[in-house]
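For reference, the structure discussed in these notes is given below.
Computed over heavy atoms, backbone and side chain alike; hydrogens, waters and symmetry mates excluded. Remember, it's a predicted structure, so these values are computed and weren't measured experimentally.
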There are 2 protein chains.
Amino acid sequence: MKTNMTRNELKVFLLHAPQDKVLEYLENAHPVDILDILKEDEKNDCLDILNRLPENFIAEIIDEAEDEDKYKILMSFSDNKQKNILQEMSSDEVTDLLGILEKDQADRILQKMTTDDARNVRRLLSYEPDTAAGIMATEFVAIKGDMTVEQTLKYLQKTGEDIENIDDLYVVDKFDKLIGVVALKDLVVKSFDTHIMDIINPNVMPIPSNMDQEEVGHKFEKYGSLTMPVVDNFSRLLGIVTVDDVMQILRDESTEDIHRLGGVDEGEKISGTTMESVRSRLPWLVVNLFTAILASAVVGVFQGTIEKVVALATLMPIVTGMGGNAGTQTLTVIVRGLALDELNYENEKRVLFKEVGIGTVTGVVIGLIIGIMSFIWQGNAMLGVVMALAMILNMVVATVTGYLVPLILKKLKADPALASSIFVTTFTDCCGFFFFLGLATVFMRFLI
Amino acid sequence: MKTNMTRNELKVFLLHAPQDKVLEYLENAHPVDILDILKEDEKNDCLDILNRLPENFIAEIIDEAEDEDKYKILMSFSDNKQKNILQEMSSDEVTDLLGILEKDQADRILQKMTTDDARNVRRLLSYEPDTAAGIMATEFVAIKGDMTVEQTLKYLQKTGEDIENIDDLYVVDKFDKLIGVVALKDLVVKSFDTHIMDIINPNVMPIPSNMDQEEVGHKFEKYGSLTMPVVDNFSRLLGIVTVDDVMQILRDESTEDIHRLGGVDEGEKISGTTMESVRSRLPWLVVNLFTAILASAVVGVFQGTIEKVVALATLMPIVTGMGGNAGTQTLTVIVRGLALDELNYENEKRVLFKEVGIGTVTGVVIGLIIGIMSFIWQGNAMLGVVMALAMILNMVVATVTGYLVPLILKKLKADPALASSIFVTTFTDCCGFFFFLGLATVFMRFLI
């Protein structure tokens, strides 16, 4: 095993070692490592390094690069070299590259491709981008049932080098309809004269071409496949989706949920500029401002009560703060449960009753603690009672709201993570102020 | 392709169809589908269905089941049948099963295994559970460099059926030291007489046996491997980790982060009981209660100021609320950036300056809006100025705090997601009250 070079040593090696040594190293190098070097480098060195790389390797680098960078990397080369690079890329990789370009930019690139390749890619571009058909590759191995293991291996030796993924060999009939699959690892353990039909797995799970990409990802998570076949309405095999494409989709989905729960646009990146982040966060902050004003309006209604017992102003943020925390806890569990498909029709009711129970128990515990502390602080028993009651009420409201809001959003086909926290915290704030100051107003004569 | 049965039809089929038909169906069925049926069933039917399944299939079901259920399923069978099932399971699957049992329960099961298998599993159990060695399997294919493709295929035909994962064939020297790897898909496209040493990839990335499992997952995400080799200090091959094990780990890691950000214990499940959830959330709520009291104490210091201008009580929740929102936004982006390794030494400073900039710009915008609205509401220009100033100050404090807290926690080797939000919101609440009521006190003569 070669000793791994540090990033700087690798950069020097790529820039200055003889070309044949570089090619030998690259035969087994991983494009991600080279991409890391390119990312953090000044422009001149980048171009020098890129010009020393063979075209198939450049194709792999473009595949691993961020969407915004793919076009830039391709454009660093001459037209002729671009043609060769495009030929090395698989159809879904080219589709990724073209998917974010303007139409004329994309057309110029398509013109540099062979007629067949361009036609494949145009077809892929015609699909909705975030669906199975939008993320699939059209290079796959399709074999017939009457072939033997030896014939299949010989076929792979002839054609397999150009096909990116041969983990699963899909079996089709004479009309190109999918009838089953043979995993490569199941093929190689059988004797050479075994027929495909004897080892075929007919229970293959075809993915409709219009399935949402995140749903495709969940199927991979559930069934642990390496690839899954995409079919059209007539069960004809259109292409395949692979597990590594899907890992990126699942990671982006988690990031999206986490960002949305925190009130941040899912596209915001650490690497973005200040103004990009401002544009991402400001709309949310403005919305929050107006809901905060709404909650403050509730306080304004009871300004007379606060004038009489100013200690209420000191205590009221505790009630709303705890309501917000409890609501966020419920919200977090519910939203994640919806995303992982653990919350569904079968357990909906049980979970609702559970949240009511949680709100009640935690409300009583917290209410008792703060009620007693308020009593001690001001020496007024009624203040403690008002505090405890308001706390219990608000925490039950919080857990129920934290349950209902994401579920309602989901039933309205909206993303539960997106606006849930704003609705939940606004509602619990308003209720918290209302319960606390309202109870204080009702029992005012005991508080003065 | 067989038509898929509904879950109820499948249950009836499994219970009542002739045994040979059931076996034929199971040859290509997925254990997850059978597991779904078992999960929602009453106990009697479960046992009947389990007793009709062949032992290798039961082994796969145990592997797919939740940790708490694995033991229960195994124990539904006679001792003899348990022995056979254990023989069908791979070493990492048995390790998962035993990992959560008491020592005497685990020993009783180990006694039912063959001496070799038991020794393998005892060794795996001796490793830290959440490390590479703790999650690896010891069944893998190791070949020598002087073999040909044809010899390798014949070897696979002889031994491959018992080995769960043959996607990557690891090449070792005569001392069992890892010298490289040949992917199965690279093997099958070469002619039969090719030597292994001619197609070996020497740049294999070995994983040290004590690497944290989440770090292992990130390596899979970054390099798109199907399997990765685990080695000891002498580079000897100990076992392999596979991508499907890692997908579960990565999903659990995202759930953990999401739960911690929301103040929920990472183990809390939708399927848990009310009291389990109360126990998960109550500690966090009590901590939040005391930090809320801390913030209220700041208000208490300025009670005299509020007595003079009661409108301040109506406005102050807006300042702290916006601080909390801004702090949470920053926190979300920073925590996720740390988890995805996008925030590191190289861009630390730039991101800090960026957050200061974001806090300033958004603070000015929000401050202007609410300052003007406060002025209009009470007809007092100084109130508007105080509001605007407090808002700007608090939002800069919020973004900086949202940046510093997770980073400090990370440098102290604690989980940034865990306690960040409590520290951030407490600090921004205290500062918000302090700035707003403090400025109001200083400029009191203009406010009355």
Side-chain angles (χ1 to χ4, degrees), chain A residues 1-2 28 30 32 153 156-157 160-161 166 179 184-185 188-189 191 201-203 221-224 244 247 254-255 258 262-264 268 270 274 277-278 281-282 285 288-289 292 296 299-300 303 306-307 310 313-314 317-318 321 325 328-329 332-333 336-337 342-343 354 357-358 361-362 366, chain B residues 1-2 28 30 32 153 156-157 160-161 166 179 184-185 188-189 201-203 221-224 244 247 254-255 258-259 262-264 268 270 274 277-278 281-282 285 288-289 292 296 299-300 303 306-307 310 313-314 317-318 321 325 328-329 332-333 336-337 342-343 354 357-358 361-362 366:
Chain A
M1 240 176 351
K2 289 210 196 111
N28 289 313
H30 202 289
V32 170
L153 285 170
L156 288 173
Q157 287 170 14
E161 296 251 39
I166 56 172
I179 56 175
L184 184 63
K185 58 176 121 180
V188 298
V189 299
S191 60
N201 174 0
N203 277 0
E221 269 185 330
K222 188 174 186 190
Y223 292 106
D244 46 301
M247 282 185 88
S254 287
T255 302
I258 291 177
V264 172
E268 176 165 348
I270 291 275
T274 302
S277 295
V278 167
R281 304 185 198 181
L282 198 52
L285 288 172
N288 268 293
L289 178 62
S296 280
V299 176
Q303 210 160 290
I306 300 177
E307 266 176 14
V310 189
T314 306
I318 300 178
N325 291 322
T328 301
Q329 286 180 329
T332 302
V333 172
R336 190 61 177 163
E342 290 170 1
L343 177 59
K354 185 170 111 167
I358 295 169
V361 173
T362 52
I366 299 293
Chain B
M1 238 171 359
K2 289 211 194 106
N28 290 312
H30 203 288
V32 170
L153 286 170
L156 288 173
Q157 288 171 11
E161 294 252 41
I166 56 171
I179 55 175
L184 184 63
K185 56 176 124 183
V188 298
V189 298
N201 174 0
N203 279 359
E221 271 186 329
K222 188 175 184 188
Y223 292 106
D244 46 298
M247 281 185 88
S254 287
T255 301
I258 290 178
H259 275 202
V264 172
E268 176 166 348
I270 291 276
T274 301
S277 295
V278 168
R281 303 185 199 180
L282 198 53
L285 287 172
N288 268 293
L289 178 62
S296 279
V299 177
Q303 210 161 290
I306 299 177
E307 267 177 12
V310 188
T314 306
I318 300 178
N325 290 323
T328 302
Q329 285 181 329
T332 302
V333 172
R336 190 60 176 166
E342 290 170 1
L343 178 59
K354 186 171 110 166
I358 294 170
V361 174
T362 51
I366 298 291

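- Chain A forms more heavy-atom pairs under 4.5 Å with one residue of Leu343(B), Leu289(B), Leu153(B) than with any other, namely Leu289(B).
- In this structure, the side chain of Lys185(B) does not engage the main chain of Gly160(A) through any donor-acceptor pair within 3.5 Å.
- Applying the ring pair (Phe, Tyr, Trp, His ring centres under 6.0 Å) rule to His30(A) yields the partners Tyr223(B); only residues at least two apart in sequence or on another chain are considered.
- Using a 4.5 Å cut-off between heavy atoms, Val188(B) contacts chain A through both its backbone and its side chain.
- Ranked by heavy-atom pairs under 4.5 Å with chain B, the first of Ile166(A), Thr332(A), Val189(A), Leu184(A) is Val189(A).
- Only the side chain of Glu268(B) has a heavy atom closer than 4.5 Å to any heavy atom of chain A.
- Your options are Val278(A), Leu156(A), Thr362(A), Val333(A), and the one with the most heavy-atom pairs under 4.5 Å with chain B is Val333(A).
- Atoms CG and CZ, on Asn325(B) and Arg281(A) in that order, are 12.0 Å from each other to the nearest 0.5 Å.
- Val310(B) touches chain A through backbone and side chain together, each having a heavy atom under 4.5 Å away.
- Note on Glu307(B), Gln329(B), His259(B), Gln303(B): by heavy-atom pairs under 4.5 Å with chain A, the leading option is Gln329(B).
- Chain B forms more heavy-atom pairs under 4.5 Å with one residue of Gly321(A), Gly300(A), Gly337(A) than with any other, namely Gly300(A).
- Distance CG/Leu282(A) to CD1/Ile358(B): 11.0 Å, rounded to 0.5 Å.
- The greatest number of non-hydrogen atom pairs below 4.5 Å with chain A, out of Leu285(B), Val299(B), Thr328(B), is found for Leu285(B).
- Checking side-chain atoms of Thr314(A) against main-chain N and O of Ser296(B) turns up no donor-acceptor pair under 3.5 Å.
- Counting heavy-atom pairs closer than 4.5 Å to chain A, the top residue among Ile318(B), Val361(B), Ile306(B) is Ile318(B).
- In this structure the side chain of Val264(A) never reaches within 4.5 angstrom of the side chain of Arg336(B), judged on heavy atoms.
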